[in-house]
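Below: the structure, in structure tokens.
This one's a predicted model, so the numbers in the text were calculated from it and none came from an experiment.
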Number of protein chains: 2
Amino acid sequence: MERKKTEIRREEIKKAVLEIIATEGVSKLSTRNLAKKVGLSEGAIFRHFQSKRDILLGIMEDVKIDLQNTLREISIELIPAEERFHKFLCAHINYLYKHQGITILLFSEAAHMNDFLIKEQLNGILKEQKLLISKIIRDGKSEGAFNKNLDEEMVATLYSGIPLSFNVETVLNKNKFNVKKFCANMYNLLSSVLK
Amino acid sequence: MERKKTEIRREEIKKAVLEIIATEGVSKLSTRNLAKKVGLSEGAIFRHFQSKRDILLGIMEDVKIDLQNTLREISIELIPAEERFHKFLCAHINYLYKHQGITILLFSEAAHMNDFLIKEQLNGILKEQKLLISKIIRDGKSEGAFNKNLDEEMVATLYSGIPLSFNVETVLNKNKFNVKKFCANMYNLLSSVLK
DNA sequence: AATTTTTGTAAATATCCGCTTACAAAAATA
DNA sequence: TATTTTTGTAAGCGGATATTTACAAAAATT
């Protein structure tokens, strides 16, 4: 029997979680089915994670490291605010597209398990995204590129709906979505809000 | 023991579902807890609905009748497209605020049970909302109030994110949300997209 | 008043869930 | 090579779930 180190198995398990959600739906995300997907016994899953909840938290940590770092970096790049906004949006959408299942997992499980830490984590992620967008808007204002009367908070709220409806559409329509087009079109629309 | 007609019990049960979700979370939505909330035995629940899934479908039917009819009517009112857009948005947000738990239920359960009919119903609801918005945009264009170059489909997608992020915020922050302000501010923002 | 239908209960059902335990063997370390 | 640590399995645990069954009594109908 082939054996692998914990760190590798942990990655395999987290990957399998997203795969199951994207292809079979959240209801099939049991430790039994997860074990089958990874090719291990159920007990082995609990060798690498203390609990199912811990797997979820691990995935949230990944989002924090991968997506949030990317977005944070974009938000302080030395390019015009307009360009930054565009890049930010595309990076965001791209990540969600590549990691299908992650939004459903986060929201569905955050709603399902009535778990304080998980809700807090999700809330933290969303709040930071809104803060970063607000910052870009503020920069755009002082650059003279954006309308000075804009309510940054509101723009950020409007923005935050985009990834959500993007996800709903991809899930419900299993769309062969043209991600680039979606992102470009949405940016065009938004740029008229900003100016 | 007081006895009531099926139609009344059905309403009580559906109401209890939303109450549980809004106050205790989706995880507490078991037939046991539901029966307790209504003040019946578990068996009685199944006297009035064939299955738990059927309760969900019943609630979706209510949304179709209450929310969708309201929105449909607003979309054809004989007032300027701008006003219609505003009214549409506010009615939409208001309904979701008054029926807290409904969005979580619809999305969370649609994601959870990988159920074709439920997904189709939800998809139908969202698609119609987008169609109605598209129609209002088109009317606004021919009235000369909206920018003729607008991509109606994209505006509708952008729009559809608003109720979603509204819900996420109310759920995650248990906000003492000022619904009217939210709606007015969001409309102001959007009207700059439209013109 | 007698009968049928509807609405209720209590208890049991099979199934699935996350997780633990007892044990084996591979891999790393000494 | 001998020992310890890590990674695996098989089986089973208690508990929760949606749903069913057998039966009682209220309400409606005759």
Atom-pair distance (NZ on A:Lys4; C1' on D:dT6), nearest Å: 16 Å
A:Glu153 and B:Asn185 side chains, donor-acceptor separation under 3.5 Å: no
Atom-pair distance (CZ on A:Arg53; C1' on C:dC17), nearest Å: 17 Å
Sugar-phosphate only, base, or nothing, as touched by B:Leu40 at under 4.0 Å among non-hydrogen atoms: sugar-phosphate
A:Thr6 side-chain N/O to D:dT7 phosphate OP1/OP2 under 4.0 Å: yes
Separation of C:dA28 C1' from A:Glu7 CD (nearest whole Å): 14 Å
A:Phe166 and A:Phe182 aromatic centres sub-6.0 Å: yes
Whole angstrom value for the distance that separates C1' of D:dA16 from NZ of B:Lys36: 14 Å
Whole-Å gap separating C1' (D:dT9) and CZ (A:Arg9): 13 Å
Whichever of B:Ile45 and A:Lys52 has its nearest DNA chain C nucleotide further upstream toward 5': B:Ile45
Any B:His48 side-chain nitrogen or oxygen under 4.0 Å from OP1 or OP2 of C:dT6: no
Distance in angstrom units between A:Phe46 CZ and D:dG12 P, rounded: 18 Å
A:Ser27 side chain to B:His112 side chain, donor-acceptor N/O pair below 3.5 angstrom: no
Atom-pair distance (CZ on B:Arg3; P on D:dA24), nearest Å: 13 Å
Close side-chain approach of B:Thr70 to B:Tyr95, heavy-atom, < 4.5 Å: no
Contact residues, residues 10-31 of chain B to DNA chain C [heavy atom, < 4.0 Å]: none
Value in whole Å for how far the C1' atom of D:dA10 lies from CZ of A:Arg47: 13 Å
